[in-house]
Amino acid sequence: MTLYEKYPVSLSNSLTSNKEVFVPTNPGHVGMYVCGPTVYNYVHLGNVRTFLTFDIVSRYFRHLGYKVRYVRNITDVGHLESDADEGEDKIAKKARLEQLEPMEIVQTYSNDFHEVLHQFNMLPPSIEPTATGHIVEQIEITKKLLNKGLAYEVNGSVYFDVTKYNESHHYGILSGRKIEELMESGRKLDSQDEKRNKVDFALWKKASPAHIMRWPSPWGEGFPGWHIECTVMSTKYLGETFDIHGGGMDLKFPHHECEIAQAVGANGKSPVKYWLHSNMLTVNGQKMSKSLGNSFLPSELFAGNHRLLERGYSPMTVRFFMLQSHYSSTLDFSNDALNAAEKGYKKLANSLSVVKKMDHTSGKVADQALAQALNQLVQDVYTAMSDDFNTAKAIAALFEMSARINSFKAGTIGIESVDSATFNRFKATYIAMMEDVLGLTEETEVNNNTLTKVMDVVIGLRKKVRADRNFALSDKIRDDLQAAGIQLKDGKDGEISYTIE
RNA sequence: GGUUCCGUGGCCGAGUGGCUAGGCUGAGCUCUGCAAAAGCUCCUACAGCGGUUCGAAUCCGCUCGGAACCUCCA
């Protein structure tokens, strides 16, 4: 029996607003597409939360034994500044402002994006396609939609005809919108507009003479619309219907709604079985966003040099902080919450290093209640993760496991009083959940061989001093090391361990 | 204005009909030469009002408060 059979995953499907049991299209395989960044600026912490959500999803599916193909794109052209007809491409605009090649902009912010995600210990996707690498496919699907009468060309631009589409399908199926209401609210169509209806959106835009990103097409030189690249790249690598499509809540409308319309229009079938949306990171109850000016750059958070921060916090602290809430809830960002997260993370990380060094010893005292409790915790942590990736609940179980690990170490409860299978399963689960699934590794691990040896010498000397009951000197050694960021811990058994801040 | 979501103990944050979530803070105890770490114990909440029910934080209604989307955003 595989792990995924033992702990079947259920997830909140935005398309149906229900929690559903996950049934993959191809048994044993998961195909997941996540909307990546538009690389025209530095990635901020709110963005990070979304990618972290799907990092967990892909990690957990893999841990359960699925083969996962995780596709996350990079949008490097075609994202308009606004839906208005005169809308400008974000990357082209930034390139013009900074007097750089658009591809220099793309490279700079792609590099930043990768570096930041790596700092947070996120695993790379299986495929990371770019919009500019799929211009041909985008032109092809646009032609297909024109042929089907679901798009129209005006002055070298092509628009998706939402009204026409809505005659035979439901535009708004994902976001719960009605086309009549969309037609009434918001910006009015003015005489400058090429669009037939305000709800229509661009599949291909004619490049103005000043526009620097341009490709030839049957409609003249231009560039693709924003929504079409995701439709093309997701279906190219995952098929016309695939398992999971993820992204931030704010992409639900219009981006994901448009993706559905394009895919259904072109291929005649619903592209995605399960839509997953992660919620927003907030600051003082308000959404973190660039336009509101309340966003944090990860580098500012690590260094603590942001006006709203009292000090810096490590990547693992932040990762843990985010995982303590459920991805579908908003999460509020504050110094107090980060302080609490830092302590909590250290507690779990400490138990991780402890349990790794722990081995089962056989004995005769059988404690059925304890064995049952340990098995229950193992089950709790899986049940929590399989329940819509409830990392908060899983972490609660890990804290209880952590308490058991510390009790084993302290000798309050004896390892030998449970059977080795139970202990080993318990140990393996704690390590796997921490490292493989939640991606919470030990930050203070000493990778420096020389330092390790030096510490062994210092500890050896201090043991001697303590044995001689020269506590003034032994305290000085400990205090001085602490000032240098190394915390010594004198164990009950005379052994001395240390952690590095 | 339309659509949707939320309001949980000092703080953060799970939980959707009956069973102590968990973390942080605070108080006390144990262990330790003293610390640190760790263990144990205590602080038992669900915005307000009404309803359904044997039983509601959880379902329904109303009121108050907050947020998101309907322009660009993960």
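It should be emphasised that the depicted structure is a prediction, and the values quoted were computed from it without experimental measurement. Residue numbers begin at 1 in each chain, while the letters A, B, ... track the order of the sequences.
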Applying a 4.0 Å non-hydrogen cut-off, can you work out what A:Asn390 is touching in the nucleic acid: base, sugar-phosphate, or nothing? sugar-phosphate

According to a strict under-4.0 Å criterion, is A:Lys252 in side-chain N/O contact with OP1 or OP2 of B:A68? no

Which part of the nucleic acid, if any, lies within contact of A:His277, taking any heavy atom under 4.0 Å across all strands shown: a base, the sugar-phosphate backbone alone, or nothing? nothing

Regarding A:Ala384, tell me which of base, sugar-phosphate or nothing describes its non-hydrogen contacts under 4.0 Å with the strands shown. nothing

Atom-to-atom span, CZ of A:Phe321 to P of B:A14 - whole angstrom: 10 Å

If the P atom of B:U41 is compared with that of B:G23, how far apart are they to the nearest Å? 11 Å

Would you indicate what A:Leu398 reaches in the nucleic acid, counting non-hydrogen atoms under 4.0 angstrom: base, sugar-phosphate, or nothing? nothing

Indicate, with a heavy-atom threshold strictly under 4.0 Å, whether A:Gly46 touches base, sugar-phosphate, or nothing. base

Distance check, C1' atoms only: B:A27 and B:G65, in whole angstrom units. 34 Å

Would you mind reading off the distance between A:Gln286 atom CD and B:C69 atom C1', rounded to a whole angstrom? 14 Å

For the P atoms, the ones on B:C46 and on B:A21, what distance do you get once it is rounded to whole angstrom? 12 Å

Does NZ or CZ of A:Lys290 come closer than 6.0 Å to the centre of the six-membered ring of A:Tyr40, within 45° of the ring's axis? yes

With no angle test and no hydrogens, is the base of B:C34 tied to the side chain of A:Asp490 by a donor-acceptor pair under 3.5 Å? yes

Determine the interatomic distance between P on B:G18 and the same-named atom on B:G13; round to the nearest Å. 24 Å

For A:Glu400, which contact category applies under a 4.0 Å heavy-atom criterion: base, sugar-phosphate, or nothing? sugar-phosphate

OH of A:Tyr33 to CD of A:Glu259, rounded to nearest 0.5 Å, is 6.5 Å

Work out how far the C1' atom of B:U8 is from that of B:U16, and round it to whole angstrom. 13 Å

On RNA chain B, does the nearest nucleotide to A:Leu488 precede the nearest nucleotide to A:Ser175 from the 5' side, or the other way round? Give the residue. A:Ser175

From B:A74, B:G39, B:G23, nucleotide with atom closest to A:Asp250 side chain: B:A74

Separation of B:G39 P from A:Met401 CE (nearest whole Å): 14 Å

Can you confirm if the aromatic rings of A:Tyr165 and A:Phe160 lie within a centre distance of less than 6.0 Å? yes

Atom NZ of A:Lys347 and atom C1' of B:G22: how far apart are they, to the nearest Å? 10 Å

Is it the case that B:C34 (base atoms only) and A:Arg478 (side chain only) share a donor and an acceptor within less than 3.5 Å, ignoring hydrogens and angles? yes

Using a 4.0 Å heavy-atom cut-off across all strands, classify A:Lys343 as base, sugar-phosphate, or nothing. sugar-phosphate

Would A:Lys356 and A:Glu442 pass as an ion pair if we require N to O under 4.0 Å? yes

Whole-Å gap separating P (B:C34) and CG (A:Asp479): 15 Å

Measuring only the P atom in each nucleotide, how far is B:C34 from B:C43? A whole number of Å is fine. 30 Å

Establish, for the pair A:Arg177 and A:Tyr171, whether the NZ or CZ atom is under 6.0 angstrom from the six-membered ring centre and no further than 45 degrees off its axis. no

Between A:Phe61 and A:Phe22 (judged by ring centroids, cut-off 6.0 Å), do the two rings come close enough to count as a pair? yes

Near-ring test A:His245/A:Tyr274, centroid separation under 6.0 angstrom: no

Do the side-chain N or O atoms of A:Asn406 get closer than 4.0 angstrom to the phosphate oxygens (OP1, OP2) of B:G39? yes

Once hydrogens and angles are ignored, does a donor-acceptor distance under 3.5 Å link the base of B:G33 to the side chain of A:Asp475? yes

Can you check the A:His326 NE2 to B:G22 C1' distance for me, whole Å? 15 Å

Would you mind telling me which residue lines up with the more 5' stretch of RNA chain B, A:Val48 or A:Thr282, judged by nearest nucleotide? A:Thr282

Round to the nearest Å and state the distance from A:Met280 atom CE to B:U4 atom P. 19 Å

Are A:Lys409 and B:A37 close enough that a side-chain N or O sits under 4.0 Å from OP1 or OP2? no

Mind checking if A:Ser278 touches a base, just sugar-phosphate, or nothing, with heavy atoms under 4.0 Å? nothing

Do A:Arg49 side-chain and B:A74 base share a donor-acceptor contact under 3.5 Å? no

Out of B:C12, B:C70, B:C34, which has the shortest distance to the side chain of A:Ala337? B:C12

Tell me what A:Lys90 touches on the nucleic acid: a base, only sugar-phosphate, or nothing, going by heavy atoms under 4.0 Å. sugar-phosphate

Please classify the nucleic acid contact of A:Phe253 as base, sugar-phosphate, or nothing, using heavy-atom distances under 4.0 Å. sugar-phosphate

OP1 or OP2 of B:A38 less than 4.0 angstrom from a side-chain nitrogen or oxygen of A:Thr412, does that happen here? no

Can the ring centroids of A:Phe296 and A:Phe333 be said to lie less than 6.0 angstrom from one another? yes

Whole angstrom value for the distance that separates P of B:A67 from CG of A:Asn294: 12 Å

Once you apply a heavy-atom cut-off of 4.0 Å, does A:Ser334 come out as touching a base, just sugar-phosphate, or nothing? nothing

Kindly point out which of B:C72, B:A35, B:G22 is positioned nearest to the side chain of A:Ala396? B:G22

Using the C1' atoms only, state how far B:U71 lies from B:C11, rounded to an integer number of Å. 36 Å

